[in-house]
Amino acid sequence: MQYETHCAVRYVLSTERLKFSIGRSAILHDISLRFRPGRFTALVGANGSGKSSLMRCLIGLAAPEAGRVLLDGRPLASQTRRQIARRLAYLPQSSICPDHLTVGELVELAGFARTGLFGTVRAADREGYREALRTVGLAGKAARQLSRLSGGERQRAFIALALAQDTPVLLMDEPVNHLDLKYQYAVLDLLRDLVTGQGKTLVVVLHDLNLALAYADDAVLLKQGRVLAQGPARQVLDARAVAEGFGIAADLRDLGGRRLCLPKGAQMIGMP
Amino acid sequence: MRFAGTCGAALALLLAAAVASLSLGATPIAPREVLRALVAFDAESVDHFVVLSQRLPRALIAVYAGAVLAAGGAVMQGITGNPLASPSTLGVSAGAMLGMLVSVFGFGAGLAGQGGAALAGGFGGFALTLAVARLTGLGPDPRGVPLILSGALTGMLLAGVSGTLLLTDPARRAEYLSWLAGNINHFYADRLAVFWPLGLASGLILLALARPLTLIGLGRERAEALGVPVRRVSRAGLAAVVLGASSATAICGPVGFVGLVVPHLVRPVTGAHLARLLPVSALVGAALCLLSDVLARRAFAPFTLHTGVLLDLVGGVCFGTLVYRLYLRPGARR
């Protein structure tokens with residue numbers, strides 16, 4: 001393919017033959033992926049398939065045993081934490097929530113990557129923080145304590161923190177967990193807007209294949225630490241891939257312009 | 001400008017405590033006379049002499065120890081995420097105490113040597129606490145009780161060794177016995193005069209690191225993702241805390257529990273952001289130390305109690321309350 005020759009321009013984030021282990025157990029084997037700018041990529045796979053480990057390698061929190069991650073064509077390992085944080089925002093799966101920290105204070109902390117130790121917060125930054133809170137529907141709750149919010153509100157506050165970092169690339173590990181139906185769709189609508197409207201690049205771990213099919217441009221299907229399939233979401237997530245990746249039979253149907261994945265109950269099919 | 005108001009209130013509290021500390025004593029001296037002693041010293045006046053040579057140094061030591069320890073507690077609780085962390089619960093004070101005693105009893109060190117030994121001891125005590133936590137295999141998560149248990153164990157061990165050391169030299173025993181109990185006293189003024197820059201440096205480093213240290217309170221991984229070099233920052237922060245706390249111990253012995261209690265009193269008012277929590281904790285810690293010192297001197301007159309003993313009493317009760325609220329109460333989160 002012709003764009004392979006100048007991948008630094010075409011891919012904002014990529015991995016080359018990534019291998020990662022925890023102790024003696026190998027978690028990721030030989031993962032080579034490319035994330036194109038301005039695309040929403042869903043990372044899907046069964047529990048334990050290595051999604052979160054891959055995310056942690058992509059942000060540089062986990063050191064790969066072999067292979068490397070490239071951010072803007074430069075090896076991630078050669079960049080400082082602040083350089084990375086100006087390009088990549090990351091929403092981890094679980095969050096520590098300190099007592100007595102307000103939502104407003106939380107979101108302002110996102111500015112550290114840009115200002116550093118002694119930099120000052122500018123008016124434009126403040127507007128950005130307010131905008132991030134408005135986006136997740138917490139504009140009126142900036143003075144509220146994080147630890148007193150409901151689970152869903154807290155998750156939205158942490159999403160606002162990632163948005164306030166104002167990076168071209170966002171990595172999100174199950175961002176719609178803990179959210180009720182309305183905010184699952186509201187958050188994903190918002191993420192979609194970030195991609196379509198602002199050209200941001202998103203890599204999002206999603207459990208619900210229907211959400212992945214509805215919102216993602218591309219999908220990466222992981223199984224036991226290997227890439228089973230990658231490409232446009234609708235091509236990747238077909239009945240065979242679902243069967244192979246999740247061990248469950250499913251019907252994929254088109255309905256009103258949407259592709260729906262309908263698992264056929266809980267009957268397991270033979271695992272290879 | 002709610003923060004300015006909070007700072008003002010804390011400052012007013014400190015000022016009131018200072019006035020109380022300077023005017024109350026074996027012979028009460030009117031605040032006006034105290035002020036006059038400070039701005040227009042009269043060499044003929046006994047009261048002026050008492051204020052300037054005894055009560056003022058004593059008050060300054062209390063302010064120094066209180067501020068440094070409270071700030072240290074706020075930072076340690078932030079970095080470890082452990083609400084019971086403080087220089088006195090994680091072996092820093094006990095380590096500094098032992099370091100001091102070793103330098104005096106073993107080598108007859110001068111002030112500078114004692115300060116250096118206290119620093120080394122403070123770092124050693126903290127490292128020993130971490131090592132005990134690791135060796136006992138109670139889990140690497142610093143947020144749980146195991147770290148505090150290790151700190152208590154380390155503290156007891158080091159205090160025991162210190163006590164033994166003290167017994168080896170009957171001649172100098174008396175001189176250091178009261179220091180060992182945490183004694184805010186004017187005859188340690190020369191120590192304050194030498195060691196105060198350490199506390200100042202510690203405070204400045206911590207203030208400069210306030211934002212990344214607050215971010216570390218969100219969890220190491222999230223802090224990394226937000227651009228904080230977590231290892232470097234938490235090491236620098238902890239080193240600054242140990243520096244300040246050890247210098248306080250070198251001055252007036254292990255004054256316990258200010259570092260543990262004060263951040264919990266202040267946090268509900270200022271919030272958890274260290275840029276606000278730190279300065280207010282320092283002010284309130286200084287005020288608390290001054291007031292306990294006044295109480296220790298006056299509550300049981302004509303006997304005077306060591307401030308450290310009183311703070312241990314008060315602090316023990318607070319510690320119990322915190323443990324109950326955070327861990328034992330039905331529905332506690334941890």
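Note on naming: letters A, B, ... go to the chains in the order of the sequence lines (proteins, then strands), and numbering restarts at 1 for each one. Every heavy atom of this structure was used, including side-chain atoms; hydrogens, water molecules and symmetry mates were not. On a predicted model such as this, the values are computed, not experimentally measured, just so you know.
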Problem - Proximal to chain A - members of residues 207-223 of chain B, heavy-atom separation under 4.5 Å - result: B/A208, B/L209, B/R211, B/P212, B/T214, B/L215, B/G217, B/L218, B/G219, B/E221, B/R222
Handout entry: Residues from residues 228-240 of chain B approaching chain A under 4.5 Å (heavy atoms)
Key = B/V228, B/P229
Completion exercise
In short, B/A225 meets A/A85 closest at the heavy-atom pair O-CB, 3.5 Å
Handout entry: Summary of side chain to side chain donor-acceptor pair (under 3.5 Å) pairs that have at least one residue in residues 65-75 of chain B, sequence neighbours excluded
Key = none
Handout entry: Point-to-point distance, once rounded to the nearest 0.5 Å, from CG of B/L226 to CG of A/L88
Key = 11.5 Å
Please tabulate, for side-chain N and O atoms in residues 100-114 of chain A, each donor-acceptor pair with protein atoms closer than 3.5 Å (sequence neighbours left out).
from   : atom 1 : to     : atom 2 : distance (Å)
A/H100 : ND1    : A/Q145 : NE2    : 3.4
A/T102 : OG1    : A/E105 : N      : 3.1
A/T102 : OG1    : A/E105 : OE1    : 3.4
A/E105 : OE1    : A/T102 : N      : 3.1
A/E105 : OE2    : B/R276 : NE     : 3.3
A/E105 : OE2    : B/R276 : NH2    : 2.7
A/R114 : NH1    : A/D125 : OD1    : 3.0
A/R114 : NH2    : A/A164 : O      : 3.2

